[in-house]
Amino acid sequence: MGKSVVIIGGGIIGLCSAYYLIKDGFQVTVIDQSNMDSGASYVNAGFISPSHFISMASPGIISQGIKWMFNSASPFYVKPRLDIDFLKWSLAFKKSATKAKVDQSISAIKNFNLFSRELYEDLKKSDEFNFHYERKGLLMCYKSYKVGEEEWEIGKRGIREGLGVKNLSAREVQEIEPKAKLNIKGAVFYDCDAHMTPNDFMKDMFHYLQTNGVIFYKNEKVLDLNTSNGKITEIITKKRSILADEFVLAAGSWSSIISKKLRIKIPLQAGKGYRINVERKTNITIPAILCEAKVAVTPMDGFTRFSGTMEIADINHDINPKRCNAIANAAENYYSDIGITVDEKENAQCGLRPISPDGLPYIGKSSKCSNLTIATGHAMMGWSLGPATGKLVAETISNKKPSLNITPFSPDRRF
């Protein structure tokens, strides 16, 4: 009988970790404080995105963020607050937002995404799942030539990294997306990206794991963790005490709160993103990002999703109508025949994405706890990096050589 593993967190990272752990013969229990049917793993854009090789902590984001800070409808909104963790994170973010650090991380992020895309395709080809998955690339659509030039500079770096990238005129975009009526100057097209319908995958994976012996405890919050000799011995919830040999912390934006109980500091801030679903025909067939508005557009299984914005305002699930309106307005500005209804905006949902100061996730063991593997901090790439993270978690616990170099993602790295 294999060793037992408890995973704290039932989102995309937690479920993918459970999948690869049971493949390696472990007994797995997943515990989550929610009902496991909402949150960032369910409301995201569904992108598998090797194109997103630039860290969120990039040069210029600080000055742009200061301008946007005073506009609650802006694509990137930071609500200032006198909180020591937030202030320390902000300082670390500022230190990380340099060209040298971004350049250093590009290959690691790109390779991580490509590996995860490969694993998604392996899962799709297997007879274990039936989720929606398509690889049609991604259009980075721009309305001004200035933004187009900026996007093409990134695109040229993508070409140097071995990705397939083209700079398309508005006419060329219309040729590959003829019915969508895009009102743009052009787009940078990445052929390496794919997209999915998150709910489909999460339901498929949950069913597979439950069928294959994974135990789930929903609506149970971790209240405490007992330790002995630098190891976790048990997890305490309101309902039970859970013993295990190994533990995985994959609780998204809540991970830093839980890690404090172990005196492990994981700098994180919750970045709220919103989504609006349009369950009408939109004629959109290729995923896109509306560059100036920072809005993602995804043709999913039976509907189109418009999602985006980054709101750093502590942990909460409050819906800000101004941010929903910003997404709706972007959809209508870029697609001349799209109109978002009042009902569609009122049905908007949000999710919290865990953001590290340098835009890289935390994956691996901390030197402060020998039987804890940390997997969080993926920011906007959690969905894209789900399977690869799960695979790396399983390899770490199995003491196998990791498929990727995880040194850049060390939970003990300093900022």
Would you confirm whether the ring centroid of Phe112 sits within less than 6.0 angstrom of the ring centroid of Phe409? yes

Sub-4.5 Å side-chain heavy-atom contact between [X] and [Y]:
X: Tyr335; Y: Val297; value: yes
X: Cys141; Y: Cys291; value: no
X: Val214; Y: Val30; value: yes
X: Val248; Y: Val5; value: yes
X: Thr29; Y: Ile7; value: no
X: Met36; Y: Met202; value: no
X: Thr341; Y: Val278; value: no
X: Asn277; Y: Phe306; value: no

Nearest heavy-atom pair of [X] and [Y]: which atoms, and what distance?
X: Tyr334; Y: Ala293; result: OH-N, 3.7 Å
X: Pro411; Y: Gly364; result: CG-O, 3.5 Å
X: Thr233; Y: Thr227; result: OG1-N, 4.0 Å
X: Tyr362; Y: Pro267; result: OH-O, 2.7 Å
X: Ile31; Y: Ile242; result: CD1-CD1, 4.0 Å
X: Lys365; Y: Leu372; result: CG-O, 3.3 Å

Could you tell me whether the side chains of Asn226 and Glu234 share a donor-acceptor contact shorter than 3.5 Å? yes

Any donor-acceptor pair under 3.5 Å linking the side-chain atoms of Ser410 with those of Asp412? no

[X], [atom1] atom: more than 12 neighbouring heavy atoms under 6.0 Å:
X: Lys265; atom1: NZ; value: no
X: Gln104; atom1: CD; value: no
X: Lys261; atom1: NZ; value: yes
X: His207; atom1: NE2; value: no

Review item, side-chain donor-acceptor pairs of residues 187-194, under 3.5 Å, at least two apart:
| from | atom 1 | to | atom 2 | distance (Å) |
| --- | --- | --- | --- | --- |
| Asp193 | OD1 | Ser51 | N | 3.2 |
| Asp193 | OD1 | Ser51 | OG | 3.4 |
| Asp193 | OD2 | Ser51 | OG | 2.6 |

Please test Tyr142 against Glu149 for side chain to side chain donor-acceptor pair (under 3.5 Å), starting from the C-alpha separation and ending with a verdict. CA-CA 9 Å; Tyr142 52 85; Glu149 290 171 3; over 6 Å; no

Among Ile12, Ile363, Leu360, exactly one meets side chain to side chain contact (heavy atoms under 4.5 Å, CB included) together with His378. Which residue is that? Ile363

Determine the sole option in Tyr19, Phe131, Tyr208, Tyr133 for which the ring-ring contact (aromatic ring centres under 6.0 Å, His included) test with Phe201 is passed. Phe131

Rounded to the nearest 0.5 Å, how far apart are [atom1] of [X] and [atom2] of [Y]?
X: Ile154; Y: Ile54; atom1: CD1; atom2: CD1; answer: 5.5 Å
X: Ile397; Y: Leu21; atom1: CD1; atom2: CG; answer: 5.0 Å
X: Met140; Y: Leu168; atom1: CE; atom2: CG; answer: 12.5 Å
X: Phe115; Y: Thr389; atom1: CZ; atom2: OG1; answer: 10.0 Å
X: Thr298; Y: Leu138; atom1: OG1; atom2: CG; answer: 8.5 Å
X: Thr304; Y: Ile284; atom1: OG1; atom2: CD1; answer: 5.0 Å

Taking only residues two or more places apart in sequence or in another chain, which ones pass ring-ring contact (aromatic ring centres under 6.0 Å, His included) with Tyr42? none

Check against side chain to side chain contact (heavy atoms under 4.5 Å, CB included), Phe53 and Asn113: CA-CA 8 Å; Phe53 50 80; Asn113 273 284; over 6 Å; no

Should [X] and [Y] count as an ion pair when the cut-off is N to O under 4.0 Å?
X: Lys79; Y: Glu311; result: no
X: Glu153; Y: Lys156; result: yes
X: Lys143; Y: Glu292; result: no

Among residues at least two apart in sequence or on other chains, which ones pass salt bridge (charged side-chain N to carboxylate O under 4.0 Å, His left out) with [X]?
X: Lys368; result: none
X: Asp37; result: none
X: Glu177; result: none
X: Lys99; result: Asp103

For residues 347-355, which side-chain donor-acceptor pairs fall under 3.5 Å, sequence neighbours excluded?
| from | atom 1 | to | atom 2 | distance (Å) |
| --- | --- | --- | --- | --- |
| Asn347 | ND2 | Asp343 | O | 3.1 |
| Arg353 | NE | Gly271 | O | 3.2 |
| Arg353 | NH2 | Lys272 | O | 3.2 |
| Arg353 | NH2 | Thr309 | O | 2.6 |

side-chain hydrogen bond (donor to acceptor under 3.5 Å, both in side chains) partners for Asn199, two or more places apart: none

Strictly by ring pair (Phe, Tyr, Trp, His ring centres under 6.0 Å), give each pair with a member in residues 210-251 just once, sequence neighbours left out. Phe206-Phe216

Please list all pairs meeting side-chain hydrogen bond (donor to acceptor under 3.5 Å, both in side chains) that have one or both residues in residues 250-259, counting only residues at least two apart or in different chains. Ser255-Thr376

Any chance you could lay out the side chain to side chain contact (heavy atoms under 4.5 Å, CB included) test for His195 and Arg135, step after step, and finish with the verdict? CA-CA 6 Å; His195 68 283; Arg135 183 174 165 186; over 6 Å; no

Using the six-membered ring of Phe86, assess whether NZ or CZ of Arg81 lies under 6.0 Å from its centre and within 45 degrees of the ring axis. yes

Any salt bridge (Lys or Arg N to Asp or Glu O under 4.0 Å) pairs touching residues 377-400, not counting sequence neighbours? Asp24-Lys400

Which residue pairs pass the salt bridge (Lys or Arg N to Asp or Glu O under 4.0 Å) test with at least one member in residues 206-229, sequence neighbours excluded? Glu220-Arg240

Identify which one of Arg413, Arg414, Lys101 satisfies the salt bridge (charged side-chain N to carboxylate O under 4.0 Å, His left out) criterion when paired with Asp358. Arg413

